Amino acid sequence: MCGPEEAALLRLEEVFSATLARINNLILQPLLSTDPESSDPQDRECLRLLQQLHKSSQQLGEVTEESLYSLWERQRHPRSFGLESLLLLRSADLVMQVHMEYIESYTSCLVVQAFHKVAKSKSMYWRGRQKVLRQILTGMGCEGSLGTTLAQALRQPLTQHVQQYVLFLLSLRDTIGERHPAQELVMHAVTVFGNLQSFMGQALDQAVATQALWHTLSSQLRDVLCTPTHRLLQDSQDVPVVVTPLRAERVLLFDDALVLLQGHNVHTFDLKLLWVDPGQDRYTFHLLTPEEEFSFCARDPQSQVVWQWKVTQAVCQALCGKKDFPVLGAGLEPSEPPVCRCGAYTFRAEGRLCQATYEGEWRWGRPHGKGTLKWPDGRNHVGDFFKGLEQGFGIHLVPQAAEDKFDCYKCHWQEGSMCGYGICEYGTDEVYKGYFQEGLRHGFGVLDSAPQAPQPFKYTGHWEKGQRSGYGVQEDSDRGERYIGMWQADQRHGPGVVVTQAGVCYQGTFQADKMVGPGILLSEDDSLYEGTFTRDLTLMGKGKVTFPNGFTLEGSFSGGSGKGLYTQGVLDTAALPPDPSNICKRQLGLGAFPVESRWQGVYSPFWHFVLADCPGDLQEALLGFHMQSPRELRKSQEYLCCERSHPKDSAGNVEDILEELLQHREPKALQQYLRKALSNSLHPLGKLLRTLMLTFQATYAGVGANKHLQFLAQEEVKQHARELWAAYRGLLQVALQRKGQALEDEDEETRDLQVHGLMLPLVLPSFYSELFTLYLLLHEREDGLYSQGITHLSLFPDTKLLEFLDVQRYSLVRDKCFLSATECLQKIMTTVDPREKLEVLEKTYGEIETTVTRVLGQEHKLPMDDLLPLLVYVVSRARIQHLGAEIHLIRDMMNPVHIGGLYDFLLTALESCYEHIQKEDMRLRHLPGHWDSRELR
């Protein structure tokens with residue numbers, strides 16, 4: 001059998017279900033008969049709210065019916081249905097939620113005085129329903145206006161019903177034992193409906209207070225503030241407070257906004273973006289918003305506590321997005337709103353953010369974290385923010401006048417300006433990749449014009465405050481020339497070298513983008529002009545021409561339009577022909593651009609990173625970033641995204657890089673570590689090397705492949721090796737300092753050994769292609785003579801050639817003389833490392849000695865006089881192309897420690913062999929007359 005408590009609950013649910021039915025049929029249905037086509041916005045709003053109330057009432061009736069059904073089932077089959085089958089217990093949260101939705105709908109109608117407005121529009125109808133209303137309002141008088149009576153009729157049955165729920169559950173809790181199966185459900189239901197009762201009381205009080213507030217405001221203010229969502233929590237007329245520095249006659253705290261009134265002016269602050277900062281005294285606390293900071297000053301500590309507590313709790317409730325439990329005022333410990341939040345705000349104050357809408361993360365009233373800024377004119381910025389300013393990686397889109405054209409800035413930002421590495425793709429199809437400072441191009445960078453531009457160009461070099469300044473290289477595709485030299489204020493200024501596609505190159509001093517004073521002009525046939533000339537290479541003024549045959553012409557030059565060149569001077573034909581090797585080895589730029597200062601802009605970001613102790617937040621600003629679809633981003637704002645990809649070859653974070661560096665300090669391990677680091681573009685050292693490769697190619701590839709730039713390139717490669725070794729030691733110093741250790745000083749001799757013996761062989765392959773091309777061009781004539789000599793010597797059979805070289809005593813009457821030495825020497829072309837090339841030469845020498853020892857039957861050390869002819873034989877049979885270029889590159893790049901040693905001796909022997917093959921007496925036409933072609937075959 002069911003207990004008396006359940007029987008009482010059954011009767012309670014039956015009465016409430018019947019009451020809800022009468023409310024829906026006799027009150028809510030007639031209320032909804034308001035004209036839906038009314039032109040008055042307030043009437044339409046009232047109708048919408050009443051419709052929502054009607055819907056909530058129907059849902060409440062459905063839940064009550066379900067509860068009633070569960071009670072009937074329990075009464076009919078008590079053994080099959082335990083207490084836990086009651087809807088009130090098993091679905092207490094659902095029942096509570098339906099009641100809360102009804103209260104929310106009801107209080108919204110109450111706040112906007114919907115009941116009074118509807119009652120006034122149909123007063124005659126409601127006067128005839130007084131008896132019905134009195135039946136619903138049992139135990140209460142019907143005094144007051146008709147609107148008030150309607151409000152009471154829709155509220156009283158619910159409040160009484162919830163109160164009865166609480167009493168029933170408390171009685172049930174005291175009746176059942178602690179071990180009862182439904183004991184936990186009962187305890188939960190007691191808590192739920194206790195909270196519901198508190199919530200209802202507070203919600204109704206707030207709605208009544210809000211409704212009363214409108215009568216104290218002017219019609220203008222009432223029209224602005226009267227909305228269904230507002231609930232008044234505190235009024236400065238009840239608890240006085242003074243706002244500073246803002247002036248406010250009245251302060252109203254709603255559940256979603258803080259409102260300051262000054263005359264007819266209304267200042268509204270969204271509670272979701274309001275921060276409460278406790279003051280230093282007992283009378284004041286501070287409030288922060290996205291654009292305002294102000295303080296509340298109370299008359300006494302008690303008033304300050306009330307305002308601060310209510311504002312804090314209101315902020316918490318607003319951030320929850322709903323009226324949650326515990327309700328406002330409940331609980332012993334007040335909750336604290338989070339400092340970091342997410343929200344959207346449109347800035348109104350004048351300034352760079354005026355009318356911009358920020359959506360994202362906030363901290364203490366400022367954009368902080370990840371977010372998006374959007375301006376009405378179409379500008380967008382998405383990325384990281386710090387204390388209200390763009391900081392870290394971000395993407396900025398700026399629309400252009402042309403349709404679907406944007407300037408897209410993908411860059412690192414600092415204090416609201418671009419700073420660090422960035423990629424900028426302009427609506428004109430120009431692309432800049434490089435470094436910024438205070439929003440301007442600054443440091444090293446590459447600007448590439450659009451391919452279809454009227455005057456296409458590419459600048460690789462240094463920038464200062466947005467202008468080309470310092471050392472830089474610019475290629476003018478339209479003119480087919482490349483300028484290498486100094487810049488100032490976006491113009492060529494200072495010493496510079498120009499190389500052209502036609503092979504002509506010249507050097508001079510530039511001012512305001514024009515060459516001034518005398519210069520040096522080298523033509524493709526190696527003619528040299530020293531004097532003044534125009535940009536189109538017309539000789540003009542005083543100068544001297546030195547022709548390849550040694551003749552000189554010195555005097556004054558001038559050019560007429562279409563009439564050729566006029567000159568007045570002295571032609572000297574008595575001079576001896578110059579050494580051809582000296583003519584082709586004329587080098588430009590010597591002393592004009594100190595190698596130590598050419599590309600300092602490339603190293604500056606690295607040293608800034610190192611001197612700052614390699615902070616992790618600067619790692620990407622130094623190394624750059626990888627993004628998908630580099631050009632698609634600016635085509636549409638829909639592509640706006642600041643996620644960067646993380647390649648598989650990522651070097652890891654700074655801590656990992658420094659830790660790994662400490663673990664590889666032994667010579668062999670260090671070499672392996674440096675090879676790995678230099679090959680990874682996401683390692684600081686690898687990033688430096690990639691950038692230096694870019695500068696090298698921009699200078700010496702294509703049009704810049706000119707033999708007169710070989711020395712510039714050679715000394716540049718050596719300098720890069722020195723700088724990269726210094727960079728490694730800079731990272732090592734930071735790693736040691738973090739361990740509390742110090743880096744030992746390095747003397748000049750030790751540094752040179754490490755640079756030439758360790759670093760140069762590792763970096764040389766990255767520059768080898770362009771560098772070796774310059775050596776090829778520089779020694780083209782010598783290699784041509786050498787090639788002719790090889791061709792003639794190839795006509796000799798092996799034994800005849802050995803006899804001709806006067807080494808008969810070593811000759812073998814076989815075809816494969818010194819084959820192993822020949823094959824060994826051919827390997828000199830398979831490596832780019834000068835040391836490895838020298839090792840090949842050493843092994844070749846060893847193979848020659850081994851062969852001689854085998855022929856003589858005894859060990860034999862070859863003196864230089866005997867080695868040279870044998871080496872000539874081996875070289876002629878190895879047929880190494882461009883041997884002169886190979887020899888000179890080895891000589892220039894070899895480790896100075898080998899000078900005067902075995903490697904130097906062997907290289908000198910190879911040089912002598914190379915020169916010997918070029919001599920005229922080695923050609924077939926100078927062979928002894930008793931040898932004819934048949935004998936040679």
Side-chain angles (χ1 to χ4, degrees), residues 412 414 419-421 435 437 442-444 594-624 649-693 695 716-764 766 895-897:
H412 276 263
Q414 184 174 349
C419 188
Y421 182 77
Y435 292 88
Q437 183 173 305
H442 193 91
F444 174 77
V595 68
E596 299 85 3
S597 59
R598 277 180 216 165
W599 298 110
Q600 280 305 307
V602 175
Y603 295 99
S604 295
F606 172 83
W607 286 112
H608 174 70
F609 177 70
V610 169
L611 293 176
D613 197 35
C614 300
D617 58 345
L618 290 182
Q619 184 177 3
E620 192 177 56
L622 167 72
L623 301 180
D649 61 344
S650 174
N653 58 38
V654 175
E655 290 72 19
D656 294 340
I657 292 174
L658 296 178
E659 187 63 34
E660 186 180 8
L661 188 145
L662 289 174
Q663 297 171 4
H664 297 81
R665 298 182 63 186
E666 295 301 320
K668 188 173 182 180
L670 175 58
Q671 185 183 39
Q672 295 175 347
Y673 172 81
L674 288 175
R675 180 177 285 109
K676 178 183 175 183
L678 291 168
S679 64
N680 188 346
S681 62
L682 297 180
H683 189 287
L685 296 179
K687 169 65 176 180
L688 281 178
L689 181 58
R690 291 294 186 282
T691 307
L692 294 172
M693 289 170 59
T695 64
E716 208 165 282
V717 172
K718 292 181 180 179
Q719 180 63 23
H720 292 338
R722 285 189 287 268
E723 295 281 6
L724 286 167
W725 176 252
Y728 158 75
R729 284 183 54 84
L731 289 174
L732 179 60
Q733 183 176 14
V734 173
L736 290 171
Q737 287 176 347
R738 292 190 176 188
K739 300 291 185 180
Q741 304 174 33
L743 180 64
E744 296 180 0
D745 292 336
E746 184 180 58
D747 58 46
E748 185 175 351
E749 182 179 356
T750 303
R751 182 176 64 251
D752 289 344
L753 287 174
Q754 295 285 35
V755 169
H756 290 90
L758 178 60
M759 188 61 76
L760 184 58
L762 292 175
V763 304
L764 182 58
S766 300
N895 193 335
V897 73

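All values reported here derive from a predicted model rather than from experimental measurement.
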Verdict with supporting geometry, His756 and Val897, side-chain contact (heavy atoms from CB on, under 4.5 Å): CA-CA 9 Å; His756 290 90; Val897 73; over 6 Å; no
Rounded distance [0.5 Å steps], [atom1] in [X] versus [atom2] in [Y]:
X	Y	atom1	atom2	answer
Phe606	Lys687	CZ	NZ	13.0 Å
Gln754	Asn895	CD	CG	10.0 Å
Gln741	Leu743	CD	CG	10.5 Å
Leu689	Leu692	CG	CG	6.5 Å
Leu661	Leu685	CG	CG	8.0 Å
Thr750	Glu744	OG1	CD	10.5 Å

Do the ring planes of Tyr673 and His664 sit parallel (below 30°), tilted (30 to 60°) or perpendicular (above 60°)? parallel
Check ion pair Glu659-Arg738 (N to O, under 4.0 angstrom): no
Run the side-chain contact (heavy atoms from CB on, under 4.5 Å) check on Glu660 and Lys676 step by step: do they pass? CA-CA 11 Å; Glu660 186 180 8; Lys676 178 183 175 183; 3.4 Å; yes
Distance-only polar pair, side chains of Arg675 and Gln672, donor-acceptor under 3.5 Å: no
We want to know whether Gln600 and Glu723 form a side-chain donor-acceptor pair, criterion being a heavy-atom distance below 3.5 angstrom. yes
Arg690 side-chain N/O to Leu678 backbone N/O, donor-acceptor pair under 3.5 Å: yes
If you look at every heavy atom in [X] and [Y], which pair is closest and at what distance?
X	Y	result
Asn653	Asp656	OD1-N, 2.8 Å
Ala726	Trp607	O-CH2, 3.3 Å
Tyr435	Tyr421	CD2-N, 3.6 Å

Would a 4.5 Å heavy-atom cut-off, applied to side chains only, mark [X] and [Y] as touching?
X	Y	value
Leu658	Leu732	no
Leu662	Lys739	yes
Leu731	Pro684	yes
Thr691	Trp599	no

Decide side-chain contact (heavy atoms from CB on, under 4.5 Å) for Val717 and Leu760; before the verdict, give the C-alpha distance in whole Å, the side-chain angles of both, and the deciding distance to 0.1 Å. CA-CA 8 Å; Val717 172; Leu760 184 58; 3.9 Å; yes
Using the side-chain contact (heavy atoms from CB on, under 4.5 Å) rule, take Leu736 and Arg665 through it: C-alpha gap first, then chi angles, then the decisive distance, then the call. CA-CA 12 Å; Leu736 290 171; Arg665 298 182 63 186; 3.5 Å; yes
Has Glu666 got more than 12 heavy atoms of other residues, nucleotides or ligands less than 6.0 Å from its CD? no
